[in-house]
Amino acid sequence: MTTMTEASVREFKMPDVGEGLTEAEILKWYVQPGDTVTDGQVVCEVETAKAAVELPIPYDGVVRELHFPEGTTVDVGTPIIAVAVAGGAAPEAPAEQPAAEPARPQEEPKPEGRQPVLVGYGVATSSTKRRPRKGPEVTVPAPAQAIQAELNGHAGAVAEKPRPLAKPPVRKLAKDLGVDLAAITPSGPDGIITREDVHAAATPRTAEPQAPVTTAPATPAAPAPVASSYDAARETRIPIKGVRKATAQAMVYSAFTAPHVTEFVTVDVTRTMKLVEELKQDKDMQGLRVNPLLLIAKALLVAIKRNPEINASWDEANQEIVLKHYVNLGIAAATPRGLIVPNIKDAHDKTLPQLAEALGDLVSTAREGKTSPAAMQGGTVTITNVGVFGVDTGTPILNPGESAILAVGAIKLQPWVHKGKVKPRQVTTLALSFDHRLVDGELGSKVLADVAAILEQPKRLITWA
């Protein structure tokens, strides 16, 4: 409906980054109104709940307006920048405008044309699930198969029947309580169903006989949120968003979904530490990151090869145990934005130099804050090295969807009985947490014992592999 003879204004919207994410925070603008932009030029950096990514503009033009300042959290599908493009550059979009949204020419995506590509993603076509638009059709109930698919992490291509908006933990809660999401009136932003909505929908079922008596008094509870006053000189309040928010949700979901069991073992790693020093001098390892974590990772991979049942996941929706014939080894990394767990794809197939190179790339990318969302998906088993903080060990929480996580404590010189005599030896404590639904005590103990045995006698890396 807005047609110009010399130029047409196009609205670039927050892209759908996939992975179930529905919003992103604008960290930095690289352009200002009046700047000329070219196809593929990065215009801003945004932080999703997974990582910071850069957004390229998909056409040439002049920036007319930035719709949001830095620091604003924007929903997927919301226009964030207006660009004036050459007159004929967008003739096809106005023809479709009257049917839906009058002032947004490029709303309808064309999979066959050029699309903005997020760093680390590549172009995705049909696999990405778009958020349902607000409109009267949202009230149409979703079929049971679609809800099951979402719970299982598979977003089906049922675009013609929009499903209620809810995050996976909320969908799981609704399933456990027997609540139909389609029958809930959402209270969250942009029509997202919250945990409170599910609990509210479930409560009347239990208290149905007394419901008429108790409903009226419940209304005055609304002023409760006002009690958030605090002394700014004595307290600082930080909004929960981005990586911190995603980590919190993942940990709560994991802790209250998978029954955790943690086992511990203290082991003499003196020979492993000597091997680390020898590898640093090896010409095949020159320029690579060689440290105890490298050999611990290799030891865990060998232990998984000897006990493959540990490398699995629990599919609640389909009531199946999924055995993985590959190992995507996650490495927990503390970054300024919070805890992230990128993983090394197909780590089981890598030689020691290849594993060292992958570990080095993973750590440096995480420190720079450039880890892509794709690098944090699909992990099977994780290592968390709490020893770098001087901590002896911990009881790590599983990364959602994984079956085990190994915590490595600080390596310290301690008195140890070696060959019948008390000697100073380098010792560490390992802790293995596992999902007790699919890993029993025997299997978990075998894996932990194998890792410890390899670190005590690293020649087992050869004999066992």
Side-chain angles (χ1 to χ4, degrees), residues 152-154 250 254 257-265 267 269 272 292-332 341-359 362 374-385 395-408 430-465:
N152 193 27
H154 306 298
S254 176
T257 302
H260 285 55
V261 172
T262 305
E263 294 186 337
F264 307 89
V265 64
V267 57
V269 294
T272 290
L293 180 61
L294 171 62
L295 293 185
I296 292 167
K298 194 66 177 174
L300 179 58
L301 291 170
V302 172
I304 292 172
K305 184 177 181 181
R306 285 166 54 85
N307 305 276
E309 297 86 0
I310 191 82
N311 191 40
S313 63
W314 184 273
D315 187 337
E316 180 67 30
N318 291 319
Q319 288 295 291
E320 294 173 339
I321 292 174
V322 183
L323 295 175
K324 311 290 178 65
H325 305 301
Y326 59 91
V327 181
N328 290 344
L329 183 62
I331 304 293
V341 189
N343 59 74
I344 299 170
K345 310 296 184 189
D346 295 321
H348 63 291
D349 279 339
K350 297 189 182 299
T351 63
L352 195 64
Q354 290 171 341
L355 189 61
E357 183 179 7
L359 270 172
L362 180 147
M376 292 183 281
Q377 298 301 310
T380 61
V381 176
T382 292
I383 296 176
T384 176
N385 185 9
T395 54
I397 296 178
L398 293 167
N399 204 26
E402 299 182 10
S403 60
I405 178 169
L406 178 70
V408 183
L430 307 174
L432 183 73
S433 291
F434 49 86
D435 185 343
H436 214 358
R437 292 175 300 179
L438 47 86
V439 180
D440 57 25
E442 181 187 12
L443 177 58
S445 300
K446 283 182 176 179
V447 172
L448 185 58
D450 280 357
V451 175
I454 292 170
L455 296 179
E456 188 174 18
Q457 294 281 356
K459 66 182 181 183
R460 291 187 171 112
L461 286 172
I462 300 172
T463 57
W464 285 1

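Computed from heavy atoms alone, side chains included, the values below leave out hydrogens, waters and symmetry copies.
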>> Does anything in residues 452-462 form a side chain to side chain donor-acceptor pair (under 3.5 Å)? List the pairs, not counting sequence neighbours.
In response: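 Side chain to side chain donor-acceptor pair (under 3.5 Å) check on residues 452-462 returns no pairs.
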
Identify all side-chain donor-acceptor contacts of residues 292-303 below 3.5 Å with residues at least two apart in sequence or on another chain.
residue	atom	partner	partner atom	Å
K298	NZ	K350	O	3.0

Any idea which heavy atoms bring [X] and [Y] closest together, and the distance?
X: L355; Y: A347; result: CD1-CB, 4.4 Å
X: S433; Y: P396; result: OG-O, 2.8 Å
X: A312; Y: L323; result: CB-CD2, 3.7 Å
X: G444; Y: V439; result: N-CG1, 3.7 Å
X: R437; Y: W314; result: NH1-CD1, 3.1 Å

> Within a strict 4.5 Å, meaning less than it, do heavy atoms of the T384 and V408 side chains meet?
Replying inline: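 Heavy-atom side-chain distance check fails, nothing below 4.5 Å.
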
>> What I'd like to find out is whether the side chain of V341 reaches to under 4.5 Å of the side chain of I331, using heavy atoms alone.
In response: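 No; the side chains remain at least 4.5 Å from each other.
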
>> Has H260 got a side-chain atom pairing as donor or acceptor with F434's backbone, closer than 3.5 angstrom?
In response: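 Judged by distance alone, no pair lies under 3.5 Å.
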
Can you list everything that forms a side-chain hydrogen bond (donor to acceptor under 3.5 Å, both in side chains) with [X]? Sequence neighbours excluded, please.
X: N385; result: none
X: T272; result: none
X: E309; result: none

Please enumerate all residues that pass side chain to side chain contact (heavy atoms under 4.5 Å, CB included) together with [X], with sequence neighbours excluded.
X: P400; answer: A250, M251, Y253, S254
X: N343; answer: N328, K345
X: T395; answer: T262, F264

> Between the side chains of T382 and E402, does any donor sit under 3.5 Å from an acceptor?
Replying inline: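 There is such a pair (donor and acceptor under 3.5 Å, judged by atom type) between the side chains of T382 and E402.
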
> Is there any salt bridge (charged side-chain N to carboxylate O under 4.0 Å, His left out) pair reaching into residues 438-452, and which pairs are they, with sequence neighbours excluded?
Replying inline: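 Every pair satisfying salt bridge (charged side-chain N to carboxylate O under 4.0 Å, His left out) with a residue in residues 438-452: R306-D450, E442-K446.
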
